[in-house]
Number of protein chains: 2
Amino acid sequence: MVIVRDTLVDALVARLRDGVLSGRYPPGAYLPSERELAAEYGVTRTSLKHALSRLAQLGLVETKHGVGTRVLDYLSSGGPELLPMLVVADGPGWLEETFQARREIGALVYARAAERRGAGHCADLRALHEAVAAAQTADDAQLAECEIHRVLAAASGNRVYGFLVNSLLNAYLPVRQLLIAPFRDPGRAAGRLTPLVEAVCAGEAGEAHTAAVRYLAETERLMLSGEDR
Amino acid sequence: MVIVRDTLVDALVARLRDGVLSGRYPPGAYLPSERELAAEYGVTRTSLKHALSRLAQLGLVETKHGVGTRVLDYLSSGGPELLPMLVVADGPGWLEETFQARREIGALVYARAAERRGAGHCADLRALHEAVAAAQTADDAQLAECEIHRVLAAASGNRVYGFLVNSLLNAYLPVRQLLIAPFRDPGRAAGRLTPLVEAVCAGEAGEAHTAAVRYLAETERLMLSGEDR
DNA sequence: CTGGATCAGTGGCTCATCCACTGAGCCATC
DNA sequence: GATGGCTCAGTGGATGAGCCACTGATCCAG
């Protein structure tokens, strides 16, 4: 386990972000001036500006020179990069919707990959599949599992799907412990993955699609119920 | 037309980002130290830090205290928020893949919305549809069209799809001129939208799905060919 | 009523300076 | 020879004072 110490700016971003997500700073409203905020949080204006700059990059606020910093409506203008923080902020609601999107988009990606399968991709997939089965620790299995999704996304022939999968996987990071559960027993994980991986490698598009949907639905049911821990 | 003057930090971000995307700073490599970079670009270290902070938020680099700033592999760790800059950077390739993803995910969203249609959503949709038809300028039509996508995403009952749609729509912003083309003639735009909107409002899920795919495919063909301008 | 000047308040940016962290290398100790 | 602690150079983190540029409201002269 690596000890990670948040930087001051990270902490500031978290505080301000929570203020926005919780509605303390509602959409359309202006934040207090940088000088006021800096005084309120007991930091330099420089540090506060760093934090605001990152909030702006996230699409949570918008800063205009000479005017002020306005809160945006993240629901109507935000992107999936907000998911990780939303999942921890209000939990189950966002998590379930993320799972649903992942399942449906995952099925799309899997079907595409099956259609376009190439020898190289299949080799990667088999190797990763074996890595999951052989993994001694839950962490290893989890990492390998993530890699499988990424390899499939790459095999879909559309890099945009790679980005979407990355975002959806990142949304899980904060609740990683829950996710690891189904992989505590490497044998079971292997058993569950086989049909999907085999189907994709064999190029059976229709069957792969069906298998993918079934696999993802089952996996997520386990994750949400917290069963098998 | 509003005149937007980029801030110094914006320009810095653009320069550094191009350096990363172009491979001048390859994945895994370390950037020069902040002091060196600041000198090279003729700016204060403070400003440079702001820029690096935003690059980090974008997932392009990773900064570690006492060590340095390392370039990440955006293809394997980035999210769809990178699309806008990739589309302008190397154009057609990313644009086509974005269109494909938008078409397939759009169809998913449309089908979902048709399944779960509610009176309120349908009213919104009809109003927007009429706004597109009535729009006097291409800009208006484009904005209303974006709104239709957002309303549909909202009607799908999954806020994550809203985020995904936002990201994909944002990817178009840099090439907005191209996109506006099919809407130069409001009458045609209206004619093209009708079947989809009607189908969703009528709740014919299967037909809506088919119509959505056909509509999106046609629209994007026009966009890519640049025809009808 | 209009157009320009003023002014208070806001964010943009700089500078000089110090602190905290990391990793490499040295060296005495075991 | 291996180990553990030390120093040191180089890196990013943070400060705070200060100045500049922009915006919008207000006021006033025309």
Side-chain angles (χ1 to χ4, degrees), chain A residues 1-17 19-20 24-72 77, chain B residues 1-17 19-20 24-74 77:
Chain A
M1 189 56 190
V2 184
I3 294 183
V4 178
R5 264 188 46 186
D6 261 20
T7 182
L8 173 65
V9 174
D10 286 335
L12 266 180
V13 168
R15 291 283 296 269
L16 291 167
R17 178 233 296 156
V20 171
R24 181 180 159 206
Y25 302 125
Y30 278 88
L31 257 46
S33 78
E34 295 185 349
R35 289 166 175 86
E36 282 178 51
L37 274 178
E40 176 179 343
Y41 288 113
V43 300
T44 319
R45 205 180 134 217
T46 314
S47 302
L48 187 98
K49 282 179 75 64
H50 274 274
L52 287 182
S53 174
R54 283 178 46 185
L55 284 190
Q57 186 74 60
L58 274 172
L60 291 181
V61 302
E62 183 187 46
T63 288
K64 272 213 301 235
H65 191 177
V67 182
T69 301
R70 203 164 51 92
V71 178
L72 299 178
S77 66
Chain B
M1 189 54 191
V2 185
I3 295 182
V4 178
R5 263 189 47 187
D6 261 17
T7 184
L8 173 66
V9 174
D10 286 335
L12 267 178
V13 169
R15 292 280 297 268
L16 291 167
R17 177 233 296 156
V20 171
R24 181 181 160 203
Y25 301 125
Y30 278 87
L31 255 45
S33 79
E34 294 186 349
R35 290 165 175 85
E36 282 178 51
L37 274 178
E40 176 179 344
Y41 289 112
V43 300
T44 319
R45 208 183 130 212
T46 313
S47 301
L48 189 98
K49 283 179 74 62
H50 274 272
L52 287 182
S53 174
R54 283 178 47 185
L55 283 189
Q57 186 74 60
L58 273 172
L60 291 181
V61 303
E62 185 186 44
T63 289
K64 273 215 299 235
H65 192 176
V67 181
T69 302
R70 202 165 52 92
V71 178
L72 299 178
D73 179 13
Y74 65 92
S77 65

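A, B, ... follow the sequence lines: proteins, then strands. Residue 1 opens every chain.
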- Rounded to the nearest angstrom, tell me the gap between atom CG in L8(B) and atom C1' in dG12(C). 9 Å

- Item | Heavy-atom closest contact (Y25(A) atom, P32(A) atom, distance) | CE2-CD, 4.1 Å

- Message: Does any part of the side chain of L52(B), heavy atoms only, come nearer than 4.5 Å to the side chain of L31(B), both counted from C-beta?
- Response: yes

- Is there a residue in residues 46-59 of chain B whose heavy atoms reach under 4.0 Å of DNA chain C, and which residues are they? T46(B), S47(B)

Solution key, residues 35-47 of chain B side-chain donor-acceptor pairs under 3.5 Å, sequence neighbours excluded:
residue	atom	partner	partner atom	Å
E40(B)	OE2	R24(B)	NH2	3.1
R45(B)	NE	E34(B)	OE1	3.1
R45(B)	NH2	E34(B)	OE1	3.4

- Note on the structure: 5'-most contact on DNA chain D (nearest-nucleotide basis), R35(A) vs V43(A), goes to V43(A)

- Message: Just to be sure I understand the rule, does T63(B) reach a base, reach only the sugar-phosphate, or reach nothing, if contact means heavy atoms closer than 4.0 Å?
- Response: sugar-phosphate

- Query: For R45(A) and dC15(C), what is the distance between atoms CZ and P respectively, to the nearest whole Å?
  - Reply: 16 Å

- Range on DNA chain D touched by chain A, heavy atoms, distance below 4.0 Å: dG13(D) to dT23(D)

- Note on the structure: Given Watson-Crick and G-U pairs under 3.5 Å, DNA chain D in dot-bracket ([ ] crossing, | other strand) is ||||||||||||||||||||||||||||||

- Message: At 4.0 Å (heavy atoms only), tell me whether T7(A) reaches a base, stays on the sugar-phosphate, or touches nothing.
- Response: sugar-phosphate

- Message: Under a 3.5 Å distance rule, please check whether S77(B) uses its side chain to pair with a backbone N or O of D73(B) as donor and acceptor.
- Response: yes

- Query: Any side-chain heavy-atom pair from Y74(B) and L58(B) closer than 4.5 angstrom?
  - Reply: no

- Item | Sequence-distant partners of D10(B), salt bridge (charged side-chain N to carboxylate O under 4.0 Å, His left out), two or more places apart | R54(B)

- Value in whole Å for how far the P atom of dG12(C) lies from NE2 of H65(A): 6 Å

- Those residues that, when tested against T63(B), pass side-chain contact (heavy atoms from CB on, under 4.5 Å) (two or more places apart): T69(B)

- Would you check if L55(B) and V13(B) make a side-chain contact, meaning some heavy-atom pair closer than 4.5 Å? yes

- Item | Where A51(A) and L16(A) come nearest, the two heavy atoms and their spacing | CB-CD1, 4.1 Å

- Starting from C1' on dG12(C), measure out to CD on E34(A) and report it in whole angstrom. 8 Å

- Message: I need the full list of salt bridge (charged side-chain N to carboxylate O under 4.0 Å, His left out) pairs touching residues 60-69 of chain A, with sequence neighbours left out, sorted by first then second residue.
- Response: E62(A)-R70(A)

